[in-house]
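Report on one structure; see the data block that follows.
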Amino acid sequence: MADKTFTADQPPLRLRSGSKRDPRTQFAGLPYRTVKNGGEKVIEVLLVTSRFSKRWILPKGWPMDRMTPAEAAAQEVWEEAGARGDVHDICLGLYTYDKWMSEAETLPIIVAVFPIRVRELADVFPEAGQRRRKWMSLKKAANKVEERDLKQLIRSFSLERLR
């Protein structure tokens, strides 16, 4: 079996200290597909909007009992984007953000990102009425998300990283 490790060009992560609470972990899926564009295969990423602020994000959520991190990421991609496909058990990298808990408190979150090759997109899925979803080029998706480290993860995504 080939070694699935690689070096990512990721800058050091900075956890903001807006709270005395410990950082928590979430798992995100990077749902992708390849499409032909002028005879060339290009990668597109499926982003969703957050439920409340309507920002463009990757589907993500908390760890789940009896699921690996990659499986939990795939479950979030199903629930939030209605997409199913091939789950890669390789972590593309990490990014951080502050989760809003109340007007007075945020919680620092570290998110591990797992790629998922989308094979099926459903019209009916758990959060269909709460979110929008849209396929975007890597460049456009990177420009739509707010988190600096997530921008870099999306920009640098390639199929070669999965081999």
Side-chain angles (χ1 to χ4, degrees), residues 1-8 10 12-33 45-135 141 144-154 156-157 159 161-163:
M1 178 189 260
D3 182 13
K4 290 187 177 182
T5 60
F6 58 89
T7 49
Q10 180 169 334
L13 298 173
R14 183 179 315 278
L15 289 176
R16 293 170 191 86
S17 57
S19 170
K20 292 182 180 179
R21 299 175 72 177
D22 291 336
R24 304 297 169 106
T25 303
Q26 288 188 326
F27 303 122
L30 180 74
Y32 73 92
R33 68 180 180 185
V45 174
L46 184 64
L47 294 184
V48 297
T49 55
S50 63
R51 286 189 290 183
F52 302 110
S53 70
K54 303 301 181 190
R55 294 182 304 110
W56 289 105
I57 61 169
L58 289 181
K60 66 183 175 309
W62 303 108
M64 297 181 194
D65 288 340
R66 295 180 294 284
M67 284 190 184
T68 67
E71 290 168 342
Q75 181 64 31
E76 293 299 334
V77 167
W78 163 247
E79 291 175 8
E80 296 182 12
R84 293 189 192 271
D86 303 324
V87 182
H88 299 274
D89 64 353
I90 195 167
C91 179
L92 294 173
L94 307 170
Y95 72 94
T96 62
Y97 78 101
D98 291 325
K99 182 169 183 64
W100 186 83
M101 303 302 288
S102 70
E103 289 194 29
E105 184 176 28
T106 61
L107 184 61
I109 306 290
I110 301 169
V111 184
V113 180
F114 296 87
I116 299 165
R117 182 176 180 207
V118 175
R119 296 205 179 266
E120 174 188 342
L121 201 59
D123 292 328
V124 178
F125 56 97
E127 297 183 16
Q130 301 170 40
R131 301 177 187 271
R132 288 179 43 222
R133 63 183 179 188
K134 186 173 182 179
W135 288 106
K144 291 286 186 181
V145 297
E146 289 183 2
E147 298 81 7
R148 177 189 54 122
D149 298 321
L150 179 55
K151 287 177 182 290
Q152 180 60 32
L153 276 172
I154 292 172
S156 66
F157 179 66
L159 300 180
R161 292 184 74 182
L162 305 179
R163 295 189 177 119

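Just so it is clear, the model here is predicted, and its values are computed rather than measured. All heavy atoms count here, side chains included; hydrogens, waters and symmetry mates do not.
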Heavy-atom neighbours of Arg55 CZ exceed 12 at 6.0 Å: yes

NZ of Lys134: more than 12 outside heavy atoms within 6.0 angstrom? no

Between the OG atom in Ser50 and the CG atom in Leu58, the distance rounded to the nearest 0.5 Å is 12.0 Å

Drop me the distance from His88's NE2 to Leu30's CG, to the nearest 0.5 angstrom. 9.5 Å

Would Lys60 count as a cation-pi partner of Tyr95, with NZ or CZ less than 6.0 Å from the six-membered ring centre and within 45° of the ring normal? no

Heavy-atom closest pair, residues [X] and [Y]:
X	Y	answer
Thr106	Trp100	CG2-CA, 4.2 Å
Ala72	Phe27	CB-CD1, 4.0 Å
Val48	Arg133	CG1-CB, 4.0 Å
Pro108	Asp98	CA-OD1, 3.8 Å
Ser156	Arg161	OG-NH1, 3.0 Å
Ala28	Ala73	O-CB, 3.4 Å

Test your reading of the model: is there a side-chain donor-acceptor pair from Glu71 to the backbone of Thr68, 3.5 Å cut-off? yes

If we ignore hydrogens and angles and just use 3.5 Å, is the side chain of Lys151 paired with the main-chain N or O of Val145 as donor and acceptor? yes

Compile the donor-acceptor pairs under 3.5 Å between side chains in residues 110-127 and protein atoms, sequence neighbours left out, one pair per line.
residue : atom : partner : partner atom : Å
Arg119  : NE   : Asp86   : OD1          : 3.4
Arg119  : NE   : Asp86   : OD2          : 2.5
Arg119  : NH2  : Asp86   : OD2          : 2.8
Glu127  : OE1  : Arg131  : NE           : 2.5
Glu127  : OE1  : Arg131  : NH2          : 2.9

